[in-house]
Amino acid sequence: APGRSGMDESKPLKVRLTFSVILVGVSLLFTAVVTDHWAVLSPKVEEYNATCEAAHFGLWRLCIKRIFMQEKGPKEKGCGPISLPGEHNCSYFKHFTPGESSEIFEVTTQKEYSISAAAIAIFSVGFAIIGTICVLLSFGKKRDYLLKPASMFYTFAGLCIIISVEVMRQSVKRMIDSEETVWIEYSYSWSFACACASFVLLFICGIALLLIALPRFPQNPWETCMDAEPEH
């Protein structure tokens, strides 16, 4: 049928367009995993014309910034904003590199949150890489069947990163509520936003890729009969 061949011709274009959006999602995923701006924490500032320590961290490292606070801002209760100039010191979490000190994560539950978020994010990256390999291989002749597993891998990657985001959110909430830490103010930063955006793109485009890869249902009863005819 003429309509059918038109659909088949548009399929590679749809796959390439969806794949290009997926690559944006994968790039955001990698950016979120390797950067240290998931959350920003600051303690209460008691006195001004003095230095205070604000922190920002990611899945692997904690960065402390010593900021000189001259006067209280209209909205500021804590130390910061983190964009102010100051001495910057980053260190990997103690549980990833034995010997490094990071008192903020010495509490057992906090350590478990951090390890869980990092591990789930690694699974997400793994799924994204396998999905990309499958799509690239599917561009070869008669390899369209690889699009279905690729779509599932991207969907799993999206689900894993949003679980990692939720674990990190719970981790921050626990730190703020805990009396063992000095942090009272918190905000989520651009790495956190990258992770959320990558979830949206990977999850939606993963499902879209699956719908593109599925065979089209016949619109007319006689299309099924035509498919059943032997090819000459």
Side-chain angles (χ1 to χ4, degrees), residues 27-125 160-200:
S27 301
L28 289 170
L29 173 63
F30 276 108
T31 303
V33 169
V34 300
T35 53
D36 308 314
H37 289 78
W38 281 63
V40 177
L41 303 169
S42 65
K44 188 176 181 180
V45 177
E46 299 290 348
E47 56 184 77
Y48 293 88
N49 289 325
T51 56
C52 61
E53 291 186 344
H56 65 84
F57 66 94
L59 296 170
W60 318 102
R61 293 196 309 175
L62 172 74
C63 297
I64 302 288
K65 196 171 188 181
R66 290 179 179 83
I67 299 168
F68 184 74
M69 295 294 288
Q70 290 181 314
E71 57 185 16
K72 186 176 181 179
K75 294 181 181 178
E76 298 300 329
K77 286 187 282 185
C79 180
I82 198 102
S83 55
L84 289 171
E87 185 186 339
H88 208 246
N89 181 32
C90 292
S91 62
Y92 286 93
F93 293 140
K94 195 175 183 179
H95 41 270
F96 292 128
T97 54
E100 291 278 350
S101 63
S102 56
E103 292 174 13
I104 186 175
F105 280 90
E106 279 177 5
V107 184
T108 308
T109 51
Q110 210 58 49
K111 179 179 171 181
E112 287 170 0
Y113 274 127
S114 177
I115 292 172
S116 299
I120 296 164
I122 287 296
F123 274 113
S124 181
V125 169
C160 282
I161 197 62
I162 202 65
I163 293 168
S164 186
V165 162
E166 180 56 24
V167 171
M168 185 65 83
R169 205 177 66 81
Q170 293 297 329
S171 172
V172 171
K173 190 173 182 294
R174 194 177 184 90
M175 271 190 283
I176 296 298
D177 294 342
S178 173
E179 293 180 359
E180 295 176 24
T181 62
V182 296
W183 316 107
I184 59 147
E185 288 285 305
Y186 74 95
S187 63
Y188 298 109
S189 197
W190 56 268
S191 298
F192 189 88
C194 283
C196 293
S198 72
F199 157 70
V200 173

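Contact annotation: the side chain of W38 never approaches that of V172 to less than 4.5 Å [non-hydrogen atoms, C-beta and beyond]. Looking at F57 and M175, their side chains come closer than 4.5 Å, going by heavy atoms from C-beta outward.
The two residues L41 and I176 make their nearest non-hydrogen contact at CD2-CD1, 3.9 Å. Among all heavy-atom pairs drawn from I120 and C160, the shortest one is CG2-O, 3.0 Å. The minimum heavy-atom distance between A32 and S191, with the atom names listed, is CB-O, 3.4 Å.
Take Y186 and apply the ring-ring contact (aromatic ring centres under 6.0 Å, His included) test, not counting sequence neighbours, and it matches Y188. Applying the side-chain contact (heavy atoms from CB on, under 4.5 Å) criterion to I122, with sequence neighbours excluded, gives W60.
Interatomic distance, OG of S124 versus CG of L29, reported as 4.0 Å (0.5 Å rounding). For the atom pair S171 OG and E112 CD, the distance stands at 11.0 Å (nearest 0.5 Å). In this structure, the separation between CH2 on W190 and CG on L28 is 11.0 Å, given to the nearest 0.5 Å. Interatomic distance, I67 CD1 to E53 CD, rounded to the nearest 0.5 Å: 10.0 Å. We find the SG-CZ distance between C194 and F30 to be 13.5 Å, quoted to the nearest 0.5 Å.
Side chain of H37 to main chain of H56: no donor-acceptor pair is present (N/O by atom type, distance under 3.5 Å, no hydrogens or angles).
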Distance-only donor-acceptor hits, side chain of residues 161-168, under 3.5 Å, sequence neighbours excluded:
residue	atom	partner	partner atom	Å
S164	OG	A117	O	2.8
E166	OE1	R169	NE	3.0
E166	OE1	R169	NH2	3.4
E166	OE2	R169	NH2	3.1
E166	OE2	Q170	NE2	2.8

